[in-house]
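Read the structure below first, then the notes.
Read the numbers this way: they start at 1 and go in the same order the structure lists the ligands and their atoms.
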Amino acid sequence: MNNFYRGRRLRQSPAIRRLVRETRLSVDSFVYPLFVVPGTGIKEAILSMPGQYRWSVDCVVDECRRAADLGIPAVLLFGIPEVKDAVGSEASSPDGTVQRACAAIKKALPELCIITDVCLCEYTDHGHCGLPDENQYIQNDATLERLAQTAISHVRAGADIIAPSDMMDGRVQYIRQALDGAGYIDTPIMSYSAKYASAFYGPFRDAAGSTPQFGDRRTYQMDPANRREALREVLADISEGADIVMVKPALPYLDIIRDVRESCNLPIAAYQVSGEYSMIKAAAEKGWIDEPRAVIETLTSIKRAGADIIISYYALDVAGWMGEG
Ligand code: PBG
């Protein structure tokens, strides 16, 4: 046993461990995702995501207030429409659920940052993120205009940041130009840049009723086996004008978060997706793991990998636990 290095010296007390801790979670990093539905007085449990709900506009304002009171700086809104159709008409409707939620939240909580997910899959009857042709091929360029219209309708309603999650090519540039053209030159785009075709979106699709009715999303979302491709996607989005880039899901892609951290200087967001949430929930409900510890450990690893911003359904719980020390 040599006495030059003895790692245990710095692990001997909670105070020393705190002093030398390299990664710290802060409520400032968290974004809380919320599902908004038509109607009033609705707080409907999402069975595949225990502890998460579908909220009507009036109720989502109260939930946002809880988030703001806990110090969470931002929410991410997903809308579920009254009716779904082939082109996802309600996505860009001025009185769609997300648009009404933006207006109501902005009015009640002007300081809270509202991020909106821009995509068509929650709004289309076929459940795809883009518009299919008669051969069920998802058309890239025909989709861009619908995304741009949707983005503008969100900003007009009060959204502070636009988050396109569709994975069509060239959408960041298209949306940037559309926003600039509409006078919204200061509205940032947080792009879902490296979005993998993941099994971990299962509970979300249940929550949003957005499971594809034919095929899957592998023609536009990324192959989980690919690493260099993530950098191509990220660099393309940056060159198109993205202000924040995202890696999604988070835990199975920590190496990608690290790669992105080392190849760009933009803020990086990582999305701890529905399946990551529900997996911890389910194991905790069975008494197989300690939920707060498992959550803090995974979120810390996401931060350690290089993320600045963490989108998590656990945001409120974590903020509560941190408040309790
Ligand atoms: C919409 C979208 C999805 C998620 C975020 N935006 C679903 C998907 O791509 O199927 C997933 C989020 C989650 O699982 O928590 N395109």
How close does the nearest protein non-hydrogen atom get to [atom], and which residue and atom is it?
atom	answer
atom 5 (C) of ligand 1	Lys248 NZ, 2.6 Å
atom 12 (C) of ligand 1	Phe204 CD1, 3.4 Å
atom 15 (O) of ligand 1	Tyr313 OH, 2.6 Å
atom 14 (O) of ligand 1	Ser274 OG, 2.7 Å

Check this for me: does any side-chain nitrogen of one of Arg66 and Asp69 sit under 4.0 Å from a carboxylate oxygen of the other? no
So, Arg261 and Asp308, do they make that salt bridge, N to O below 4.0 Å? yes
Under 4.0 Å to a heavy atom of [X] - the qualifying atoms of ligand 1, by number:
X	value
Cys129	16 (N)
Tyr271	12 (C), 15 (O)
Phe78	5 (C), 6 (N)

Heavy-atom contacts under 4.0 Å between [X] and ligand 1: side chain, backbone, both, or neither?
X	answer
Cys121	side chain
Asp166	neither
Ser165	both

NZ or CZ of Lys195 within 45° of Tyr201 ring axis and under 6.0 Å: yes
Does a donor on one side chain and an acceptor on the other come within less than 3.5 Å for [X] and [Y]?
X	Y	answer
Arg146	Gln149	yes
Tyr277	Gln52	yes
Asp117	Ser165	yes
Glu276	Tyr271	no

Do any nitrogen or oxygen atoms of Gln221 lie less than 3.5 angstrom from nitrogen or oxygen atoms of ligand 1? yes
Which option out of Met167, Arg217, Met246 puts a heavy atom nearest to atom 8 (C) of ligand 1? Arg217
Among Arg205, His128, Lys195, the residue with a heavy atom nearest to atom 2 (C) of ligand 1 is Lys195
Output field: ring centroids Tyr53/Phe35 closer than 6.0 Å: no
Does the gap between the ring centers of Tyr32 and Tyr314 come in under 6.0 Å? no
